[in-house]
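Right, one structure below, let's go through it.
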Amino acid sequence: MKGRQQCAECGGALVKRSIAHTQAWGQRLYRFDHVPALVCVQCGQVWLAASVSQAIDRVIRKPPKPKKFLKVPVFSLSDLPRAR
């Protein structure tokens, strides 16, 4: 099929989606909403265009005022009781 894109991981079809993307940068975590991406319908792998990745990098390096802040709990699985 002309124009059909395939996942480089599994060969599944890629579809355009708007996603929430989380990006680690040093000790910080950034979340971006409404990120255009290609998502594999078979394995779920997410692919961002170079221009999208570059835009994310620019925002992280010189961030504007964020839309909101989120508090996120952090757990260490090694500190939790093991499931039986």
Between side-chain atoms of residues 8-25 and protein atoms elsewhere (two or more places apart, or another chain), which donor-acceptor pairs fall under 3.5 Å?
{"unit_1": "H21", "atom_1": "NE2", "unit_2": "Q23", "atom_2": "OE1", "d": "3.1"}

Contacts of D33 that satisfy salt bridge (charged side-chain N to carboxylate O under 4.0 Å, His left out) - sequence neighbours left out: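 R31.
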
Side-chain donor-acceptor pairs of residues 34-53 under 3.5 Å, sequence neighbours excluded:
none

Full working for side chain to side chain contact (heavy atoms under 4.5 Å, CB included) between F32 and V59: CA-CA 10 Å; F32 295 84; V59 168; 3.7 Å; yes

